[in-house]
Enquirer: 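Okay, here's the structure, questions in a sec.
Note: hydrogens, waters and symmetry copies are ignored here, and every other heavy atom, side chains too, is used. In the text below, chain A, chain B and the rest are named by the order of the sequence lines, each starting its count at 1.
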Amino acid sequence: MSYLDELNESQRVAVENIYGPTMVIAGAGSGKTRVLTYRIAFMLDQGIDPFNILALTFTNKAAREMTERISNIVGGQEAKNISMGTFHSVFSKILRFNADRIGFPNNFTIYDTQDSKSLIKDIIKEFNLDDKTYKPSGVFSRISSAKNSLISPEAYLNNDEIQLEDKQSRRPELGRIYQTYANRCQKSGAMDFDDLLYFTNILLRDFPEVLHYYQQKFQYILVDEYQDTNYAQYLIVKKLAAAFENICVVGDDAQSIYSFRGANIQNILNFRQDYPDFKLFKLEQNYRSTKNIVEAANSVIKKNKDQINKKVWTDNIIGEKLKVIRTLTDNEEGKTIAGRLFETKQGVGSNWSDFAILYRTNKQSRAFEEALRKLNIPYKIYGGLSFYQRKEIKDLLAYFRLAANPRDEEALKRVINYPKRAIGKTSIENIIIAANRYNVSMWDVITDFNQYPAEVNSGTKSKIYEFTTMISSFNAQLNKLNAYELADTIAQASGVMRELMDEKEKGPEEVERYQNIEELLSGIQEFVKSGDSDEFKSLSDFMIEVALLTDADEGQTEDRNHVSLMTIHASKGLEFPYVFLVGLEENLFPSQMSLNTRTELEEERRLFYVAVTRAMNACTLSYASSRFVWGQLISSEPSRFIDEIEPEYLHFETPQRGAGRSLMGGGFERQHTGGLNKNPGLSQPNLKSLKDIQGNGKSESPGEQDIKVGYNVEHDRFGKGKVTKLEGNGADRKATIFFPHHGSKTLLLRFANLIILEE
DNA sequence: CCAGTACTTAGGTTG
DNA sequence: TAAGTACTGG
């Protein structure tokens with residue numbers, strides 16, 4: 001067990017204490033991941049069966065990293081048998097296995113946040129409520145926090161306190177929306193992210209034999225980032241650990257930055273009460289940063305009232321003081337930081353990947369992007385839209401979801417008319433009305449109009465019939481074709497591939513979309529090939545894996561030598577030799593929204609602590625004295641957090657030369673436009689009425705009766721084109737026309753004003 | 001059905 | 001400012 005020699009004293013005792021309740025408070029950079037992985041390795045060395053170990057993390061990234069590290073120590077086969085992953089992935093598997101007990105199909109789909117919000121939006125509309133008082137995202141977060149506190153819709157409606165709260169905030173219908181939302185999810189055989197935790201709790205609460213089984217299975221439980229657990233997660237862990245109490249939680253209260261999402265610092269305090277005989281270990285030696293960095297961070301975080309007493313220290317060199325740079329505008333901040341970064345790289349001869357620029361909000365990235373690009377510095381922005389959230393990917397995935405679970409309402413709504421198959425908005429609305437009336441899913445309605453009559457005309461019905469037949473045929477092949485074969489079939493047969501192929505002519509964005517689809521398909525092929533050769537991997541297996549993946553940067557092995565740009569939240573758990581922490585201004589960091597309460601301000605301070613402690617060798621702080629906010633130049637004050645650092649760790653730099661001019665040049669140009677544009681616009685109405693007269697005078701628009709497929713026609717905007725298809729009757733009569741310069745378009749003849757050139 | 005325009009809104013982010 | 005949505009005219 002040579003690896004034990006690599007640990008310091010407090011790390012080693014934390015690793016070896018594998019029985020009984022244990023809490024490890026791990027300061028920033030103190031080797032937390034190392035302790036967790038070695039602890040598991042030590043357990044296996046002690047003869048503990050990997051099947052009996054449950055290790056929970058918060059992010060896929062953390063789970064991957066831990067799996068990898070443990071495989072390196074104990075070998076892949078052993079590591080594979082440990083239940084290791086995020087809360088959501090581990091418990092979604094358990095839920096699939098036991099789905100029938102809680103009224104879900106075992107192939108239930110998982111709604112992401114977009115799906116949830118779109119469903120909520122629909123419900124608000126159906127209830128005829130004003131979507132300003134009932135904002136979908138606000139309603140969603142209310143429902144989310146109810147679920148995370150394990151409050152059922154019924155309990156929500158029966159709780160006087162909650163009802164009073166909602167009445168006072170003028171949103172008395174929230175409870176009914178929650179109830180309807182939950183009901184619709186259930187009918188659709190779908191769970192959202194919060195449901196995965198909520199229903200795990202229900203399962204363990206209502207089925208003692210299930211609880212007993214998993215208590216016996218998971219005799220040893222480890223939880224990483226314990227300060228980020230919410231109530232639902234806390235309770236799952238508590239229930240599972242009740243039989244053996246071999247539970248180890250690892251965290252750092254000073255790095256709790258997700259309370260706005262329901263994470264609860266109280267869980268650390270509860271731990272003391274739940275397990276009075278628990279052992280506490282503190283990892284206080286920082287191996288990451290210089291003395292100046294560690295002490296600067298300490299001097300700020302000690303201003304917080306709510307914290308567990310500890311003293312993070314380091315044996316590392318003193319290092320440079322933290323530089324503080326002031327610039328006059330946000331754009332200049334970008335230029336200055338980019339220049340400084342370039343100089344540092346030249347000076348020390350390091351890699352671009354040794355540098356990170358961290359900011360409070362995503363929108364700050366722009367100024368740095370521009371400046372880095374001008375200096376030809378490679379960079380990568382983390383965060384933003386992930387691969388699986390792109391429109392074209394979600395569209396195709398929606399077909400996959402339907403293949404596995406045709407009742408999935410959000411997936412159905414997404415693709416029932418994509419690519420266009422003449423199933424209009426009104427028909428879809430009427431289908432939903434019928435589904436609600438009979439309390440069944442949309443799929444039930446559209447596959448059995450006899451039993452569930454809906455106001456849909458017969459032409460549309462036959463289109464729908466084609467669609468449902470197609471989906472059913474995908475569904476029938478789920479266990480016959482492997483994931484790649486079926487995915488490829490769907491991509492072709494659904495028409496998604498052809499749609500994107502046609503659009504490829506339009507421009508680079510469309511080409512990229514097509515390539516994204518290709519990338520998804522080749523990803524599925526890889527998925528099929530991975531693992532044992534004779535193992536059958538179905539498309540639903542793939543969907544299970546992918547539903548909980550949100551990391552965009554999977555499989556991007558190319559060129560990793562770049563500067564990293566990300567929010568501080570995204571930087572948690574990472575480290576960089578050189579960190580630039582930018583935008584340190586009041587109302588930006590700390591955020592304006594956090595200034596109301598002490599607890600919110602303390603969370604901002606912890607965020608600042610996290611940011612500073614990412615740095616290994618040097619940390620540079622910067623702020624601008626004015627910046628553009630929503631198109632307006634506003635002046636700003638340096639952040640209070642700069643003042644809170646003991647001055648002995650700081651080095652203030654003088655402002656850059658020539659800056660005054662740039663303020664004049666860039667700042668005040670944007671006023672004094674317009675002013676002459678006050679004329680009442682007489683010409684507009686005149687023009688319009690002229691057109692009206694023309695329209696009326698034409699008696700009949702040409703072509704209504706005599707247009708045919710194959711005709712060459714001319715359109716006043718798209719120019720010349722050829723008719724490829726005709727459909728609909730009367731006012732709905734439309735033509736699909738291929739225009740060489742604009743691609744294929746479907747136009748209502750009523751409005752198109754086509755001129756027939758030749759037959 | 002398509003495309004242009006009027007209007008609104010703006011936090012951090014995992015699964 | 002920028003992006004997203006709702007509305008409207010052809």
Enquirer: Please give, in whole Å, the distance from B:dT14 P to A:Gln233 CD?
Expert: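 Rounding to the nearest Å, CD of A:Gln233 and P of B:dT14 are 14 Å apart.
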Enquirer: Report the distance from atom CG of A:Leu196 to atom C1' of B:dG15, rounded to the nearest whole Å.
Expert: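 These atoms are roughly 8 Å apart.
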Enquirer: Contact class for A:Arg627 vs. all strands (heavy atom < 4.0 Å): base, sugar-phosphate, or nothing?
Expert: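 A:Arg627: no heavy atom of the nucleic acid under 4.0 Å.
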Enquirer: Please check the phosphate of B:dC2 (OP1 and OP2 only) for any side-chain N or O of A:Lys420 closer than 4.0 Å.
Expert: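 Yes, A:Lys420 has a side-chain N/O under 4.0 Å of OP1/OP2 on B:dC2.
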Enquirer: Under the criterion side chain to side chain contact (heavy atoms under 4.5 Å, CB included), I'd like the reasoning laid out for A:Ile737 against A:His715: C-alpha separation, chi angles, the key distance, then a yes or no.
Expert: CA-CA 10 Å; A:Ile737 301 154; A:His715 185 266; over 6 Å; no
Enquirer: Quick one: which protein N/O atoms are closer than 3.5 Å to N/O atoms of nucleotides 10-13 of chain B? Pair and distance per line, please.
Expert:
residue: B:dA10; atom: N3; partner: A:Trp630; partner atom: NE1; Å: 3.2
residue: B:dG11; atom: N2; partner: A:Ser591; partner atom: OG; Å: 3.4
residue: B:dG12; atom: OP1; partner: A:Asn362; partner atom: N; Å: 3.3
residue: B:dG12; atom: O4'; partner: A:Arg360; partner atom: NH2; Å: 2.9
residue: B:dT13; atom: OP1; partner: A:Thr567; partner atom: OG1; Å: 2.3
residue: B:dT13; atom: OP2; partner: A:Asn362; partner atom: ND2; Å: 2.9
residue: B:dT13; atom: O2; partner: A:Arg261; partner atom: NH1; Å: 3.0

Enquirer: Starting at CD of A:Gln114 and ending at P of B:dG15, how long is that distance when rounded to a whole Å?
Expert: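 Distance check: A:Gln114 CD to B:dG15 P gives 16 Å.
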Enquirer: With distance as the sole test, does A:Asn267 use its side chain to make a donor-acceptor pair with the main-chain N or O of A:Thr229 at under 3.5 Å?
Expert: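 Side chain of A:Asn267 to backbone of A:Thr229: a pair is present.
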Enquirer: Let me know the distance between CG of A:Leu747 and P of B:dC2, rounded to the nearest Å.
Expert: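 One finds 7 Å between P of B:dC2 and CG of A:Leu747, rounded.
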Enquirer: Could you tell me if the side chain of A:Arg627 sits less than 4.5 Å from the side chain of A:Gln364, heavy atoms only?
Expert: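 When only atoms from C-beta onward are counted, A:Arg627 and A:Gln364 do touch, with a gap below 4.5 Å.
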Enquirer: Would you mind reading off the distance between A:His88 atom NE2 and B:dT14 atom C1', rounded to a whole angstrom?
Expert: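 Atom NE2 in A:His88 sits about 7 Å away from atom C1' in B:dT14.
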Enquirer: By nearest nucleotide on DNA chain B, pick out whichever of A:Lys132 and A:Asp194 is the more 5' one.
Expert: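 Here A:Lys132 is the residue nearer the 5' end.
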Enquirer: Which sits closer to the 5' end of DNA chain C, A:Lys125 or A:Arg366, going by the nucleotide each is nearest to?
Expert: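 That would be A:Arg366.
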Enquirer: Over how many whole Å does the gap from A:Phe87 atom CZ to B:dG15 atom P extend?
Expert: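 These atoms are roughly 13 Å apart.
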Enquirer: Nearest-Å distance, CZ (A:Phe193) to C1' (B:dG15)?
Expert: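 The distance from CZ of A:Phe193 to C1' of B:dG15 comes to 5 Å, rounded to the nearest Å.
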Enquirer: Are the side chains of A:Glu68 and A:Glu65 in touch, meaning some heavy atoms are under 4.5 Å apart?
Expert: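 With C-beta onward as the side chain, the pair stays apart.
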Enquirer: Any side-chain heavy atom of A:Gln227 within less than 4.5 Å of one from A:Glu225?
Expert: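 In contact.
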Enquirer: Are A:Phe199 and A:Phe104 close enough that their ring centers fall under 6.0 Å?
Expert: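 A:Phe199 vs A:Phe104: aromatic centres under 6.0 Å.
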Enquirer: Using whole Å, report how far NZ of A:Lys391 lies from C1' of C:dG4.
Expert: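 My rounded result for the distance is 15 Å.
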Enquirer: Short question: side chain of A:Glu586, backbone of A:Arg640 - any donor-acceptor pair under 3.5 Å?
Expert: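 Such a contact is found between A:Glu586 side chain and A:Arg640 backbone.
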